[in-house]
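Have a look at the structure below, then the notes.
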Amino acid sequence: MILSAGAPMLIAVGDIFALMGLIGFCGTLKKKSWILLVFFIVMLIIFILQIVAAVFILLPNSVKENSLSSLEAKIVKSLQDDYKEDSHIMKIWNETMNQLKCCGYKGYDDFTESPFVNTKSNYPTQCCGKDPKTYSNPKCTKEEAGNKNVRGCVHVLLDENIPVSAPLSFLIAILEIVALYVSLKAYRCIKRLPDLPDPFGNNL
């Protein structure tokens with residue numbers, strides 16, 4: 001669920017930008033300065049939030065992990081309380097660990113007090129670098145998990161997945177700056193010439 005949300009999120013962001021572009025186009029075409037002002041303000045808010053997110057992504061991993069410390073405590077507690085056979089938490093985590101090739105939030109130790117380990121006396125197979133789909137009866141002892149030392153999912157995300165979005169954010173920010181500049185210039189021009197006739201002979 002968490003990983004599959006990426007594509008719909010990008011589609012939603014693309015739809016928002018398309019809608020904003022349409023609003024800016026309509027404001028210019030209809031010579032409505034207030035529409036351009038709304039366009040400028042919304043784009044400015046998006047631009048600021050995007051830059052803040054990009055700067056956060058570029059921070060050292062130690063700083064990002066410290067900022068996520070409260071989230072870490074909740075996730076680890078969830079694993080220790082609810083990671084058990086046929087549970088919703090187990091299905092989500094297994095899918096996440098399979099796709100990211102990781103183990104727990106920070107490592108295999110996150111599962112030590114979980115009902116799964118207490119019942120099976122084994123750790124999730126992903127913590128030993130094994131794919132449960134290719135092993136008929138996979139076992140992962142604490143010693144083997146310690147030797148394999150598979151990275152936690154948060155480390156995989158911070159080191160490999162999330163950093164890719166920072167350059168993309170700055171690239172999109174350049175286009176947003178152009179849009180902000182053009183919309184502001186158009187707003188000023190329309191404010192100076194408010195009595196220009198509507199080319200379509202009607203008002204919004």
Atom of [X], atom of [Y] and distance for their closest heavy-atom approach:
{"X": "Thr112", "Y": "Val117", "value": "O-CG1, 3.8 Å"}
{"X": "Leu180", "Y": "Ser183", "value": "O-OG, 2.9 Å"}
{"X": "Leu79", "Y": "Tyr105", "value": "CD1-N, 4.3 Å"}
{"X": "Ile51", "Y": "Ala173", "value": "CD1-CB, 3.9 Å"}

If we ignore hydrogens and angles and just use 3.5 Å, is the side chain of [X] paired with the main-chain N or O of [Y] as donor and acceptor?
{"X": "Ser78", "Y": "Lys74", "value": "no"}
{"X": "Asp110", "Y": "Lys106", "value": "yes"}
{"X": "Ser87", "Y": "Lys84", "value": "yes"}
{"X": "Thr96", "Y": "Ile92", "value": "yes"}

Quick one: pull up [atom1] in [X] and [atom2] in [Y] and give me the separation to the nearest 0.5 Å.
{"X": "Lys101", "Y": "Cys153", "atom1": "NZ", "atom2": "SG", "result": "11.5 Å"}
{"X": "Thr141", "Y": "Asn147", "atom1": "OG1", "atom2": "CG", "result": "8.0 Å"}
{"X": "Asp109", "Y": "Gln80", "atom1": "CG", "atom2": "CD", "result": "9.0 Å"}
{"X": "Phe39", "Y": "Met43", "atom1": "CZ", "atom2": "CE", "result": "5.0 Å"}
{"X": "Ile45", "Y": "Leu49", "atom1": "CD1", "atom2": "CG", "result": "7.5 Å"}
{"X": "Ile174", "Y": "Glu176", "atom1": "CD1", "atom2": "CD", "result": "10.5 Å"}

*asked:* Between Phe116 and Tyr83, is the ring centroid distance below 6.0 Å?
replied: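 Here the rings of Tyr83 and Phe116 have centres that are less than 6.0 Å from each other.
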*Answer with yes or no whether the side chains of Gln126 and Asn98 bring together a donor and an acceptor at under 3.5 Å.*
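Per modelled atom types, Asn98 and Gln126 side chains form a pair under 3.5 Å.
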Honestly curious: do [X] and [Y] fall in one hydrophobic cluster under the side-chain, below-4.5 Å linking rule?
{"X": "Val38", "Y": "Tyr181", "answer": "no"}
{"X": "Leu44", "Y": "Ile46", "answer": "yes"}
{"X": "Phe111", "Y": "Met90", "answer": "yes"}
{"X": "Leu175", "Y": "Leu36", "answer": "no"}
{"X": "Val156", "Y": "Val150", "answer": "no"}

*Find out if the SG atoms belonging to Cys140 and Cys127 lie under 2.5 Å from one another.*
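No, no disulfide: SG-SG not under 2.5 Å.
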*Taking salt bridge (Lys or Arg N to Asp or Glu O under 4.0 Å) as the test, write out the residues that go with Asp82, two or more places apart.*
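Residues passing salt bridge (Lys or Arg N to Asp or Glu O under 4.0 Å) with Asp82: none at all.
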*Could you list the residues that satisfy salt bridge (Lys or Arg N to Asp or Glu O under 4.0 Å) with Glu143, not counting sequence neighbours?*
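Glu143 satisfies salt bridge (Lys or Arg N to Asp or Glu O under 4.0 Å) with no other residue.
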Contact between [X] and [Y] at the side-chain level, heavy atoms closer than 4.5 Å - yes or no?
{"X": "Arg151", "Y": "Cys102", "answer": "no"}
{"X": "Cys103", "Y": "Tyr123", "answer": "no"}
{"X": "Lys77", "Y": "Asp81", "answer": "yes"}

